[in-house]
Asks: 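My structure is below; once you've seen it, I'll send some questions.
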Amino acid sequence: MKDLVRAGQRARAAGKWTEAHDAYKRALEAAEPSSTTERERAEIAGELGLCALRLRSYRDAAEHLAWSLEQREALPVALQLRFEAGLRKATAHVATLLLAIDPPDAAVVLDGKPVGRIARTHVLFVEAGDRMVRAGAPGREESLHMFTAIPGQQHKMVIQLSRSSGSTKEVAEGAPKETPRALSATLPVRSQAPSPPLSPWASWPGTLRVAGIAVTTATVSVGSLLMIRASRLDGDLSERRDGLDRDPTTSTSMCWQAPQRSACAELLRLRDERNLSGVAGTVLVIAGGVLGAATAASFFSFLGPTPAQERIHVSPVATGHGMGVNIGGLW
């Protein structure tokens with residue numbers, strides 16, 4: 001494997017991208033998990049993806065670069081940046097399919113080629129054009145979906161296989177008996193394949209979240225403006241109070257007992273407006289914080305059936321000196 005990696009490096013330095021691609025591909029096939037590290041496999045997969053990108057094999061490049069970056073913790077920062085830049089270039093030429101399927105052990109066939117048994121959600125890269133996705137599982141009705149893949153765009157597809165009314169059927173026609181790999185044949189098999197869930201905006205709670213964000217923004221904005229106004233009124237009130245105290249013919253203590261006096265009427269009006277603006281502003285900001293916390297919590301509560309200990313807990317906090325949100329949980 002190391003000889004193949006060195007051969008790929010020499011070919012890449014010489015600009016022989018086809019030779020480099022073949023060398024890295026053979027090296028990845030020879031990289032057994034028992035004899036190589038996670039970093040070595042991720043680095044080889046990323047270099048293979050960059051070679052495929054230079055050869056304009058964009059789907060192959062996107063698959064290998066995406067798989068490599070799933071192990072980004074094992075990669076140096078410089079390699080992460082290189083592979084991320086390559087992935088952005090590759091995905092600009094292919095469509096990204098975010099596929100969610102139930103039951104999660106269903107077999108999937110994309111354009112007649114088996115994808116295999118995937119996770120509940122999975123990311124697939126497809127060439128532009130009309131594509132067909134077929135899914136099947138024992139005891140379930142087969143499902144067929146068509147979509148038009150657009151380069152540089154994400155497509156979301158949710159497939160839920162209903163239970164078969166008749167006898168238990170085999171997996172969809174053309175699907176392999178053995179479980180194939182989810183990506184190209186050169187990618188290592190992962191013992192666990194957690195896939196990114198579909199965007200929390202992709203279902204009906206998205207409408208509520210948009211409304212929650214809008215109401216939160218408006219409430220906090222109006223509350224902040226009222227608190228700013230209360231602060232300015234407090235300054236005007238202090239200035240006028242000081243002026244009355246300097247006047248030998250009157251004082252502010254007289255104003256609280258004699259509101260009918262013209263010199264005090266303005267002082268009392270400023271005081272009432274200040275109090276009203278301050279209270280209203282504080283209430284609106286706190287209400288906005290509560291709405292914001294509830295909206296933020298919805299992003300985590302609708303992501304799917306995750307264990308309770310892995311949920312994110314959000315709770316608003318408000319005191320006489322400020323307000324905020326406590327967010328805690330386990331990723």
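Not measured: the values here are computed from a predicted model.
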Asks: Could you tell me whether E19 and R10 make a salt bridge, using a distance below 4.0 angstrom between a side-chain N and a carboxylate O?
Replies: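 R10 and E19: not salt-bridged.
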Asks: Membership question, hydrophobic clusters at under 4.5 Å side-chain separation (ILVMFWY): are I101 and M157 in the same one?
Replies: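 Per the 4.5 Å side-chain linkage, M157 and I101 are co-clustered.
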Asks: For R39 and P76, work out which heavy atoms get closest and say how close.
Replies: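 The answer is NH2-CG, 3.3 Å.
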Asks: Any idea which heavy atoms bring G281 and L226 closest together, and the distance?
Replies: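 Of all heavy-atom pairs spanning G281 and L226, the closest is CA-CB, 3.7 Å.
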Asks: Restricting to non-hydrogen atoms, name the atom on A90 and the atom on A61 that form the minimum distance, rounded to 0.1 Å.
Replies: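 Scanning both residues completely, I find the closest heavy atoms to be CB-CB, 4.1 Å.
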Asks: Locate the shortest heavy-atom distance separating R131 from A128; write the atom from each residue and the value.
Replies: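 Scanning both residues, the minimum pair turns out to be NH2-O, 3.0 Å.
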Asks: Does the Q80 side chain pair with the main chain of L75, one donor and one acceptor, at a distance under 3.5 Å?
Replies: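 Yes, Q80 side chain to L75 backbone: donor-acceptor pair under 3.5 Å.
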Asks: Would you name the heavy atoms of S143 and I159 that are closest together and state the gap between them?
Replies: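 For S143 versus I159, the nearest heavy atoms are OG-CG2, 3.8 Å.
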Asks: Same hydrophobic cluster for V222 and V220, using side-chain heavy-atom links shorter than 4.5 Å among ILVMFWY?
Replies: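 No, V222 does not connect to V220 through the hydrophobic network.
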Asks: State plainly whether the residues R82 and E47 are in salt-bridge range, i.e. N to O under 4.0 Å.
Replies: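 The answer is yes: the pair qualifies as a salt bridge.
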Asks: Specify whether H155 and F147 have parallel, tilted or perpendicular ring planes, treating 30° as the upper limit for parallel and 60° as the lower limit for perpendicular.
Replies: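 Taking F147 first and then H155, their aromatic rings sit tilted (interplane angle of 30° to 60°).
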Asks: Verify the cluster assignment for L110 and L99: are they in a single hydrophobic cluster under the rule of side-chain heavy atoms below 4.5 Å apart?
Replies: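 In one cluster: yes.
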Asks: Side chains of L50 and R54, heavy atoms from C-beta outward: is any pair under 4.5 Å?
Replies: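 No, side chains not in contact.
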Asks: Using a strict threshold of under 4.0 Å (side-chain N to carboxylate O), is an ion pair present between R6 and D3?
Replies: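 Looking at D3 and R6, the cut-off is met.
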Asks: Do L4 and L48 share a hydrophobic cluster (ILVMFWY, side-chain heavy atoms under 4.5 Å, transitive)?
Replies: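 L4 does not cluster with L48.
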Asks: Report whether L53 and W17 are members of the same hydrophobic cluster (ILVMFWY, side-chain heavy atoms less than 4.5 Å apart, transitive linking).
Replies: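 Not linked; separate clusters.
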